[in-house]
Amino acid sequence: MTTTTRDTVNGLDSSDPLAHYRDRFLLPPGTLYFDGNSLGPLPKETVQRMQDVIASEWGAGLIASWLEADWINAPLRVGNKIAGLIGAGEGEVIVADSTSINLFKTLDAALKLNPGRTTILSEAGNFPTDLYMAEGLASLVRDRANLAVVDPDEVLTALDENVAVLMLTQVHYKTGFIHDMKAITEQAHAAGALVIWDLSHSAGSIPLDLNGCDVDFAVGCGYKFLNGGPGAPAFLFAAQKHLPQCRPVLSGWFGHKDQFAFADSYTPTGDIRQFLCGTTPILGISALETGVDIFCEVDMASVRNKAIELGKLFIRLLKESHFEQYGFKLVSPEDSRHRGGHISIAHENGYAIMQAIKDRGLVGDFRSPDVLRFGITPLYQRFADVYDAAGVIREVMETAAWDREEYKQRSLVT
Ligand SMILES: *Cc1c(COP(=O)(O)O)cnc(C)c1O
């Protein structure tokens with residue numbers, strides 16, 4: 001195998017059309033950040049924007065800012081911007097709550113749209129909160145819903161006449177495997193089920209075409225690839241054709257047809273705003289908007305192309321350093337077409353290895369029981385960063401630097 005050199009990767013960086021976006025982010029010096037799939041870094045504009053929101057809109061404008069700073073339309077405005085990134089139309093995406101809560105809202109909406117059927121179908125190994133929220137909803141509505149969790153390769157055959165809704169995460173949080181959204185949605189529909197796609201590891205990472213795939217509902221995260229900040233509000237997509245029939249379970253006043261009439265009973269707006277519940281966290285949505293605005297400048301196809309090249313380079317460098325001889329296994333699909341925005345490798349001492357790696361300035365994360373995850377985020381990652389990251393992993397393995405008691409103590413967040 002020919003060895004990749006630093007000159008080769010520097011050449012890739014100097015011809016990279018996205019290279020200048022790196023300067024839009026505050027990245028701590030000396031850190032190789034490979035965890036933007038878990039918490040995106042801080043865009044420089046967000047610092048200025050937050051100062052304005054706090055000092056000027058909140059501090060000086062006070063309550064008048066609901067209109068003067070257009071806070072009232074922020075969930076729909078930012079939702080429409082996200083719609084552009086995921087192949088949704090105007091008025092089909094709203095920013096609200098957390099991904100977990102949005103799953104609850106869409107699961108209930110889908111069940112109501114498919115009366116007579118009661119099964120929520122999902123796959124084993126799906127992101128925990130997706131399954132937990134479905135469990136919680138099923139325990140609440142009892143005979144109206146039950147959760148069926150089957151092995152990933154049995155999902156399609158489990159689509160029987162009782163499945164009301166199929167809930168899947170498009171890009172798997174652990175392996176990075178990408179589900180075929182179009183084919184699966186088609187098969188679910190053919191079996192009479194609706195679909196909910198969790199886009200937490202898709203939005204801002206891969207090009208999406210929700211309407212082209214005829215998706216019913218989707219949810220996703222604001223703080224991962226979209227760089228909206230810790231705990232940023234999430235988003236919810238509902239296909240236009242479903243909106244007039246939806247009656248939201250979390251029927252809060254922000255989803256009321258005439259919010260300021262203060263009526264005693266609830267009438268939904270009939271549009272995407274009915275999926276709002278209570279007051280939007282304006283500080284959070286303002287930070288999210290600046291993160292999303294950067295994506296509105298770029299073409300998702302070029303983001304994806306660079307992500308594929310970064311990922312291929314990472315895997316090539318791991319192979320060149322004979323990572324399998326050190327006991328690693330590639331967990332992510334090797335075929336780039338099936339791999340989303342992170343590279344996962346497994347090792348029985350994965351936890352300690354990740355701690356040693358972090359100590360050397362390379363930030364990835366660990367997912368139980370043995371997965372080391374490295375996020376691929378083309379807007380601020382350089383080919384040289386991938387080169388250096390592979391160098392850190394090699395050094396930690398060659399010197400067995402990970403084999404220390406302090407690296408084996410589990411912390412609260414991994
Ligand atoms: C990160 C993530 C979530 C997060 O849910 P929150 O309610 O925002 O904490 C949900 N689903 C998937 C697939 C995720 O990766």
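Both counts, for ligands and for their atoms, begin at 1 and track the order of listing.
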*Which heavy atom of Phe25 sits nearest a heavy atom of Pro41, and at what distance?*
CD2-CG, 4.0 Å
*Shortest non-hydrogen contact between Tyr387 and Leu317, atoms and distance*: CA-CD1, 3.6 Å
_Nearest atoms (heavy-atom pairs only) where Arg247 meets Pro268_ = NH1-CD, 3.7 Å
*Locate the shortest heavy-atom distance separating Leu111 from Ala145; write the atom from each residue and the value.*
CD1-CB, 3.6 Å
*Regarding Arg24 and the six-membered ring of Tyr380, is the cationic atom NZ or CZ under 6.0 Å from the ring centre and inside 45° of its axis?*
no
*Heavy atoms under 4.0 Å from ligand 1: which residues qualify?*
Ser98, Thr99, Ser100, Phe127, Thr129, Asp130, Thr169, Asp198, Ser200, His201, Cys221, Tyr223, Lys224
*Hey, could you give me the CZ/CD distance between Phe328 and Glu348, rounded to the nearest 0.5 Å?*
11.0 Å
